[in-house]
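Encoded as structure tokens, the structure appears first; notes follow it.
Only heavy atoms go into these numbers, but all of them, side chains included; no hydrogens, no water, no symmetry mates. What you are looking at is a predicted structure, and each value in this text was computed from that prediction instead of being measured. Throughout, numbering of the chain's residues begins at 1 and tracks the sequence.
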Amino acid sequence: MVAKRPDGIYPRIGTDTYGRNLADAIENTCTELGVVPPPRQAITEGLATALPDTEIKRLIATRSSKKVLKPSAYRLVQAGDEQVLLLMCDVHGAAVIPWDLNDRTVNCWSPPVAGASQCVKDLVATEQALHEARKTAKTAEKERETCRRAAGDSTYVAQALAAATQKHEDAERRVGELDGQRQALLTALGGRRPRPVVRAAEEEGEPKAALALAEQPYDVAVHMQRYAATNLERAGQTRGYDLAESLVDAGQLSKGMNVLQQWQITHPDGTVSKLWRLAAVTGNNRALARLNVFRVRPEHLVTGMPQSLLPMPKGKKADPELLLLSQREILNRLSDRLNEAAAKPETEETDPSVRAGKIATVSAEIVIGCTKPAALEHVLRTLNVNDHLRGIQPYDEDARLIALFATLVDAYARESLLADALSDAFPDARGVDLLDLVGLRDALTANGPLDPLAPLVPTGEDASPAVLRDIAVRAITALVFPEIPPESPRRTNARTVRDTGRFWPIVRGTLQEPAWSQTRAKTAEARTRLWSAAIAQLFLHRGNILSALGLFGVPETAKGSGQDPRSLKVLLLGAEAGDATAWAALVQRMAPALIHAPQPFITAGQGSEAGEGRKGVRRTPKSALAALSLAYTATSAPNISRALLLAFAKAVLEHPDATQPPEAEDGMSLICYGEQHWAKDRTPITAGMVIAPDIDGKPTRYVADKAWFDETFPVELGNPAPGDPGSTTASPTAGASTNPAVTTVHGAPPADPHDQLVRLRRELPARVELVKDGYEQAVDSAHTLMTDFEEAHRLRDQLGEDALPADQRIEWMEKLTKARSAAQASVTTLEQVEALILQV
């Protein structure tokens, strides 16, 4: 006998038969429209189990003996170069989960760097142990109080009180240890969590129109989902009204876009559950508010609903430890419970069965097909950004700037100029034509790994994490501050319009800036904020984006950043070889890492402009960079050497990739330089911190922090005294002549020959390395040229084409003859250098 269907406004979910019919209809419709559908399992387990059975009937029609979607049930949307097929339907009000990748909370997530996931696992385990330790401490405190109030003064009572007191002290000490470990792990994570990385779901090895998360343990999945919901609620507090109460009073007035996504959860017993759910691409705040009205937690939907929260009907035995994994079972139990409660006259107005009445089902648009599944995540993220940029709810400043930068990258790609812009910025790239533009956009917006930037690495260099991050910073700088062509000389008095090139109009149109001739300080500051927010997403430890104000001015905003095209390796060798311009360029490359460090060296403007008595010395970010730049050539800084500068630069550039805390060479514990006189409450030493070098470039027992940086590179160093030529041109190792009466032509004392020899011996190895790299690049270029000419000769013989004109061949031969003569002359010079090496 079939049980009677319960009455009520909360819907019942369709059976497996309905799910199979819906899957057939979606697959047939996608075939007709030429788009890729989601995996069949995603439709039957994630979509059909969220729709009422009456709704599934309404969506399906039969044509030519096969099931298809009715024309009124779907629409095809053009999103850039891609097409997305949307199903328009009514879903259960508690069936949609907020998307972790919402652009309003993008600044709450850190890039998915190596080691961060393990750090999250350690954090979850520590928090669980801390929770148990606090319960133990509370129990021990109660036992101590019981013993203290016990009657009598016998020896047994005194011993019991002493044992209880000792137990409580041990428990409190354990709580303190675990709390310190938790704070250290949070510091190592930069106070954020690594952004979940989703990929296109696959079926039989083919990508489909759905998303999938990587496998994660049950406790980590719960932690990450709670973290996402907490930050989404915090971002929604800027709304001018209570969203949940609005939904209760008027229902949901606008549709939200959803996508099918799979969570792969590893349970403590070793089993793996692969759950398909609907994730809100747009309307994340509404999805979370609906769940709050239903009193359902998002983490329970993606990891399994405890049966104790949705018990079985009366008379049936329930397992309190059982997790409900079927979305159909969860929603049906929820509907049955709410319908039953709503039918009781004594039910209060605050009960979910009454409050959720107008959101029992909500209108939604669900992605059921696309033309390019590999780019689906990027397309959906772009739609989310566009929807929010046009909305009335205010953005957090950081999130708004990050969304604008993502729009800027898409604008370059839409105009087919992204590869061209990067080709101009990286003239020595090994293969710009090999760029994967989809992966490149994800890398520049910190939504994926930096590996797609490898073709921009110069030939002969390793694509290490530090090099790829430097490439990403340079690429972002080139896109935000594009170069414009040089101004052509005016030949007549007629009015001319300045040629701003191909790239600047893209920036102007995306950021809605005034005309090029109206570029002012306000535009430069806004563009610098955008650059700083985009750069911050590349680092695990996110500093204040205002720390970059002043690094770019009106000239860079109007005419381009003017970046040094040399790679990190060449700049380091150049600085080691005594090239002051290489050091200045290297300092500019270091600036983001100085801002976004566990112990930031550059912060937003600090100190007092009136005097240093109240707030300390005034120090702007530009002052800090100027002091570091001039330290290379300043003679007024006896505690600074080039060995110290180079050791500090290498450590700063590499610190974001560290996975283990630094350790002192003598085995002693490290402390932050500014906390060396503190007795307690010291900052925990975590991965990414930099050990302060001494004047010989060797590590000390202190961690470099802001106090060390300001003491080593003071404000006065960035303001050289007027009339002191040695402060900007002389080497720090150059000393004064022993005879003060002897001067050079320019009025400065000649350098000590001994110091000159020491300096040359220190710089020559780096210069030899630079020459070697230059010759290797020249040899590679010659080999590539020969290969190309051989291919051209083969194709000409194959096609029977005529030879090139004689004058063009002569011109090419003359150029190569000059190059060969120069190469032969340089060989003679190198032989002389080899002979001189034996005499140095």
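- With sequence neighbours left out, the salt bridge (charged side-chain N to carboxylate O under 4.0 Å, His left out) criterion links Glu365 to Arg75.
- Residues meeting the side chain to side chain contact (heavy atoms under 4.5 Å, CB included) test with Pro514, sequence neighbours left out: Gln518, Thr523.
- Pairs of residues two or more places apart, or lying in two chains, that qualify as side chain to side chain donor-acceptor pair (under 3.5 Å) and include a residue from residues 582-595 are Asp470-Arg589.
- Residues satisfying the side chain to side chain donor-acceptor pair (under 3.5 Å) criterion with Arg234, sequence neighbours excluded, are Asn231.
- Every side chain to side chain contact (heavy atoms under 4.5 Å, CB included) that Ala289 has, sequence neighbours left out, goes to Leu243, Ala244, Leu247.
- A search for side chain to side chain donor-acceptor pair (under 3.5 Å) contacts involving Asp436 returns nothing, not counting sequence neighbours.
- In terms of the side chain to side chain donor-acceptor pair (under 3.5 Å) criterion, Glu206 has no residue partners (sequence neighbours excluded).
- Residues forming a salt bridge (charged side-chain N to carboxylate O under 4.0 Å, His left out) with Asp451 (at least two apart in sequence, or on another chain): none.
- Partners of Trp109 by ring pair (Phe, Tyr, Trp, His ring centres under 6.0 Å), not counting sequence neighbours, listed by chain and number: Tyr227.
- Evaluation of the salt bridge (Lys or Arg N to Asp or Glu O under 4.0 Å) test over residues 532-558, restricted to residues two or more places apart or in two chains, returns Asp398-Arg542.
- In this view, Arg520 satisfies the side chain to side chain donor-acceptor pair (under 3.5 Å) rule with no residue, not counting sequence neighbours.
- Applying the ring pair (Phe, Tyr, Trp, His ring centres under 6.0 Å) test to every pair with at least one member in residues 538-558, sequence neighbours left out, gives these pairs: Phe481-Phe552, Trp531-Phe552, Phe539-His596.
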